[in-house]
**Q** 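A single structure is presented below for examination.
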Amino acid sequence: MANMMAITSFAGAAVVIQGASGRFAARSSALALRRRTVAVRAQADEPSTPPPNKPKASTSIWDALAFSGPAPERINGRLAMVGFVTALAVEAGRGDGLLSQLGSGTGQAWFAYTVAVLSVASLVPLLQGESAEGRAGAVMNANAELWNGRFAMLGLVALAATEIITGAPFIST
């Protein structure tokens with residue numbers, strides 16, 4: 001059980017200490033107008049237990065690519081971020097909307113190359129046992145990347161929906 005000690009001071013005039021064994025007082029002739037009380041609780045030290053070991057990340061490709069694994073959403077998010085920025089850049093540069101870019105077939109080789117490179121670059125650290133959270137910094141962290149990827153996926157859907165509804169690209173030149 002913890003021992004309780006209360007220290008009461010009258011602005012330097014008197015100090016009253018109450019411990020578990022009784023009450024002790026040190027008094028002065030001058031009384032103060034203001035009273036402050038500080039409660040201090042002492043507890044017995046218990047042996048500290050070491051933190052539980054975190055399970056090591058699986059280095060199996062099937063675990064990384066599982067539905068609830070670390071890779072699918074990250075890879076899709078990274079591809080969506082690149083795709084969203086590229087789609088807007090092509091719209092601004094050439095005036096082609098997202099659907100006309102997909103229908104023309106001119107960027108299919110670049111698309112396949114980008115998918116392959118980003119997928120391999122995302123899988124290699126996971127297969128070596130690293131986690132995205134382990135390499136996170138203050139600004140560039142794993143949660144920010146996930147949310148940016150999710151918004152980029154929604155942005156691509158919004159670009160396509162805008163072009164379908166209005167019949168014109170999002171950025172009209």
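Counting from 1, the numbers follow the sequence of the chain as shown. Note that the structure is a prediction, hence the values are computed from the model and not measured. All values below come from the heavy atoms of this structure, side chains included, with hydrogens, waters and symmetry mates left out.
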**Q** Pro125 and Ala121: which non-hydrogen atoms are nearest, and at how many Å?
**A** CD-O, 3.2 Å

**Q** Please find the pair of heavy atoms, one from Leu159 and one from Phe170, that lie closest to each other, and give the distance.
**A** CD2-CB, 3.5 Å

**Q** Could you pull out all residues at least two apart from Glu163 that satisfy side chain to side chain donor-acceptor pair (under 3.5 Å)?
**A** none

**Q** Are Leu156 and Met81 linked, directly or through intermediate hydrophobic residues, by side-chain heavy-atom contacts shorter than 4.5 Å (ILVMFWY only)?
**A** no

**Q** So which atom in Leu126 and which in Ala71 form the shortest heavy-atom distance, rounded to 0.1 Å?
**A** CD1-CB, 3.8 Å

**Q** Which residue pairs pass the salt bridge (Lys or Arg N to Asp or Glu O under 4.0 Å) test when at least one of the two sits in residues 104-118, sequence neighbours left out?
**A** none

**Q** Using links of under 4.5 Å between side-chain heavy atoms of ILVMFWY residues, direct or through other members, which residues join Leu154 in one cluster?
**A** Trp147, Phe151

**Q** Would the distance check show the side chain of Glu91 and the main-chain N or O of Pro169 forming a donor-acceptor pair, the cut-off being under 3.5 Å?
**A** no

**Q** Could you give the distance from CZ (Phe84) to CG (Asn148), rounded to the nearest 0.5 Å?
**A** 11.5 Å

**Q** Shortest non-hydrogen contact from Ala87 to Leu98?
**A** CB-CD1, 3.8 Å

**Q** Which pair of heavy atoms, one from Thr162 and one from Thr166, lies closest together, and at what distance?
**A** O-OG1, 2.6 Å

**Q** Hydrophobic clusters join Ile, Leu, Val, Met, Phe, Trp and Tyr when side-chain heavy atoms are under 4.5 Å apart, directly or via other members; which others share one with Met153?
**A** none

**Q** Identify the heavy atoms of Arg78 and Ser122 that sit nearest to each other, and give their distance.
**A** NH1-OG, 2.6 Å

**Q** Keeping to residues at least two apart or across chains, list the salt bridge (Lys or Arg N to Asp or Glu O under 4.0 Å) pairs with something in residues 96-109.
**A** Arg94-Asp96

**Q** Quick one: does Ile75's side chain get under 4.5 Å of Val115's, heavy atoms only?
**A** no

**Q** Check salt bridge (charged side-chain N to carboxylate O under 4.0 Å, His left out) between Arg74 and all other residues, then give those that pass, not counting sequence neighbours.
**A** Glu133, Glu145

**Q** Would the distance check show the side chain of Ser119 and the main-chain N or O of Ala116 forming a donor-acceptor pair, the cut-off being under 3.5 Å?
**A** no

